[in-house]
Each structure stands twice: as C-alpha cells, then as structure tokens.
Amino acid sequence: MLSKIKVKYIQSLGHKKGRAQEGLFIAEGPKLVADILAHQPQAVETIYALPQWVAAQAAALVGVAVVAITEKELQQISQLNTPHQVVAVVKQWAAAEVQTHNRVVLVLDGIQDPGNMGTIIRTADWFGIQQVVCSMDSVEQYNPKVVQATMGSIARVQVHYKHLPTWIAEQQVPVWVTALDGQPLAGVGRVKEGLIVIGNEGNGVSQAVMQLATQYITIPRIGSAESLNAAVAAGVVLSYVV
C-alpha cells in the first residue's frame with residue numbers, strides 16, 4: 001500500500017519543479033517502460049505496477065525495485081486520463097556531448113508543444129537520428145506528455161539543450177534550415193553530415209539561427225495551408241534527406 005506521502009511525491013514529478021529538484025521523471029505504460037528497461041535499465045529507480053503486469057514481466061524485472069499496487073493507487077499516481085498498468089520513476093540521464101562529425105543531427109528551434117516534441121523524438125528514432133539538439137526555450141524532454149509521445153524513443157535518442165546561435169556557430173558542418181523560400185527537398189539529396197533545423201510551430205526558425213544557415217530547404221506547398229505541423233515537417237524532411 002502506498003502512503004499519502006509517497007503518492008504526493010510521485011505526483012510531484014508531474015511538475016517541472018519537482019522533476020528538477022529530484023532529477024527524476026515519470027514513464028507510464030507497458031511499451032514505454034519496457035523500452036526504458038531494455039535501453040536504460042540503470043536509470044529505473046522504482047516501478048509501481050499492477051500485480052498481473054509484475055508477474056508477466058518477472059524476467060525483465062530482476063534487480064529492479066518493484067512495488068505492486070492496486071488500480072486505485074495507479075490512478076492516484078498516474079498522469080494519464082486512463083492509467084495503463086505501470087508507472088516507472090526514472091532517473092534523468094546525462095547525455096554525452098553532441099557529436100556532429102559524419103552524422104546528421106536534428107536541431108529544434110523553439111518547439112513548445114509537448115506532443116510535437118515527443119513525436120519528433122520518435123520520428124528521429126525511426127530515421128536513425130540518435131541526437132536531437134533543442135533551443136533553451138523548447139519544451140522539456142521529461143515533460144510527461146513529451147515522454148508519452150516518444151513511445152519509448154526517449155530511451156534511445158539523446159536530447160540536448162543549447163543556446164542555438166552560439167552552439168551552431170561553433171560547429172564545422174553544414175547547416176540545413178527549413179524555410180518557405182528554400183530549395184525544394186527533392187533537389188537536396190541525401191545528407192551524410194550536418195544539422196537539420198526545424199522551427200517553432202507558428203513562427204518558424206528564429207532569425208539568429210536563420211543567419212547561420214549553409215542552405216535553406218523547403219517542403220513545396222501545393223495547397224493553401226499556411227504552415228505544416230512541426231512534427232509532420234520533421235518527418236517529411238528526414239524522409240528526403242537521410
């Protein structure tokens with residue numbers, strides 16, 4: 001049985017302040033927790049789960065702190081409208097330094113919607129992009145909605161936060177920035193090394209970053225929509241260039 005203090009503590013990790021203070025975050029659901037156990041097992045602090053899930057996953061839980069809980073307790077600690085069997089409290093991991101030589105790195109400038117951020121991380125994972133660099137004003141990777149939207153890719157993709165104008169200027173690789181007046185993607189070809197920059201959902205890439213572009217690239221518009229969703233744009237761009 002979970003004490004009120006423990007419930008309140010886990011609930012506090014749903015807030016940015018609580019996550020920052022404790023260096024922890026929450027992951028929920030069988031798929032997400034299984035991916036973290038497979039790729040970042042050392043980061044799992046405690047798993048709180050229904051008894052049937054614990055029994056089914058016994059082999060994967062050797063050496064992991066597990067607490068069996070009731071449906072009611074799961075609802076109390078879950079951040080989801082419909083809790084799903086398991087909640088893991090996970091240590092935030094320290095990502096290694098960004099490596100840009102002979103690699104494609106996805107750069108996100110001002111992505112503020114958690115669903116978009118999580119979907120972009122998942123999309124990067126699909127295309128084999130192992131590093132994502134975000135501007136300091138982008139949504140936090142450990143936001144529960146971001147974590148959920150990654151569908152487990154947060155365990156495989158390194159996410160970094162940098163002051164982009166300074167960091168990009170220090171890199172000695174091409175910088176491909178998405179813009180309405182850029183070269184159509186069909187003519188860009190495959191990118192073997194460089195930074196691919198995706199901008200804010202409404203405002204696009206900031207002017208300070210635009211000025212650092214080696215080349216502007218664009219998804220040609222055929223219809224009348226004003227803009228593309230940032231996560232959709234990232235998927236289309238990566239499908240052409242990697």
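- Taking all atoms of both residues into account, the shortest heavy-atom contact from A234 to I120 is CB-CG1, 4.1 Å.
- In terms of heavy-atom proximity, V147 sits nearest to I26 at CG1-O, 3.8 Å.
- For the pair Q40/V90, no side-chain contact is recorded, criterion being any heavy-atom separation below 4.5 Å from C-beta on.
- Here the OG-NZ distance, from S135 to K162, works out to 13.0 Å after rounding to the nearest 0.5 Å.
- With 3.5 Å as the limit, one finds a donor-acceptor pair spanning the side chains of E28 and S78.
- A donor-acceptor pair under 3.5 Å is formed between the side chain of S138 and the backbone N or O of I111.
- Remark: side-chain polar atoms of Y48 are not paired, donor with acceptor, to backbone N or O of E73 under 3.5 angstrom.
- The same ILVMFWY cluster, assembled from side-chain heavy atoms under 4.5 Å apart, contains both V159 and V242.
- Nearest approach of L61 to V54, heavy atoms of both residues: CD1-O, 3.9 Å.
- Within a 6.0 Å sphere centred on NZ of K8, other residues, nucleotides and ligands contribute 12 heavy atoms or fewer.
- Shown are R19, Q79, Q148; of these, the side-chain contact (heavy atoms from CB on, under 4.5 Å) with N143 is made only by R19.
- Residue Q130 qualifies as open at atom CD: its count of foreign heavy atoms under 6.0 Å is 12 or below.
- For CD of Q52, the number of neighbouring non-hydrogen atoms (other residues, nucleotides, ligands) closer than 6.0 Å is greater than 12.
- R190 places a side-chain N or O within donor-acceptor distance of the main-chain N or O of Y240, the cut-off being under 3.5 Å.
- Proximity of a side-chain donor or acceptor of T123 to a complementary backbone N or O of T119 within less than 3.5 Å is detected.
- Shown here for S153 and I121, the closest heavy-atom pair between the two residues is CB-O, 4.0 Å.
- Put simply, the side chain of Q11 gets close to the backbone of Q76: a donor and an acceptor are under 3.5 Å apart.
- Using a distance-only test at 3.5 Å, with no hydrogens or angles considered, no donor-acceptor pair links the side chain of R122 to the main chain of M151.
- Of the possible donor and acceptor atoms, none in the side chain of Y142 sits under 3.5 Å from a partner among the backbone N and O of A20.
- The minimum heavy-atom distance linking W53 with A49 is given by the pair CE3-CB, 3.4 Å.
- For E226, the CD atom sits in a loose shell: 12 or fewer heavy atoms of surrounding residues, nucleotides or ligands are nearer than 6.0 Å.
- For Q85 (side chain) and L50 (main-chain N/O), no donor-acceptor pair under 3.5 Å exists by modelled atom type.
- To the nearest 0.5 Å, the span separating CD on E45 from CD on Q92 amounts to 11.5 Å.
- Atoms CG and CG, from L164 and L108 in turn, are 8.5 Å apart once rounded to the nearest 0.5 Å.
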_From CA spacing to verdict: ring pair (Phe, Tyr, Trp, His ring centres under 6.0 Å), F25, W93_ = CA-CA 10 Å; F25 70 98; W93 37 76; 5.4 Å; yes

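- A donor-acceptor pair is defined here as one N or O able to donate and one able to accept, closer than 3.5 Å; such a pair exists between the side chain of T178 and the backbone of V197.
- Between the side chains of E22 and Y9, at least one donor N or O lies within less than 3.5 Å of an accepting N or O.
- If you check the side chains of E201 and N116, you find a donor sitting under 3.5 Å from an acceptor.
- Not one N or O on the side chain of D109 forms a donor-acceptor pair closer than 3.5 Å with the backbone of V205.
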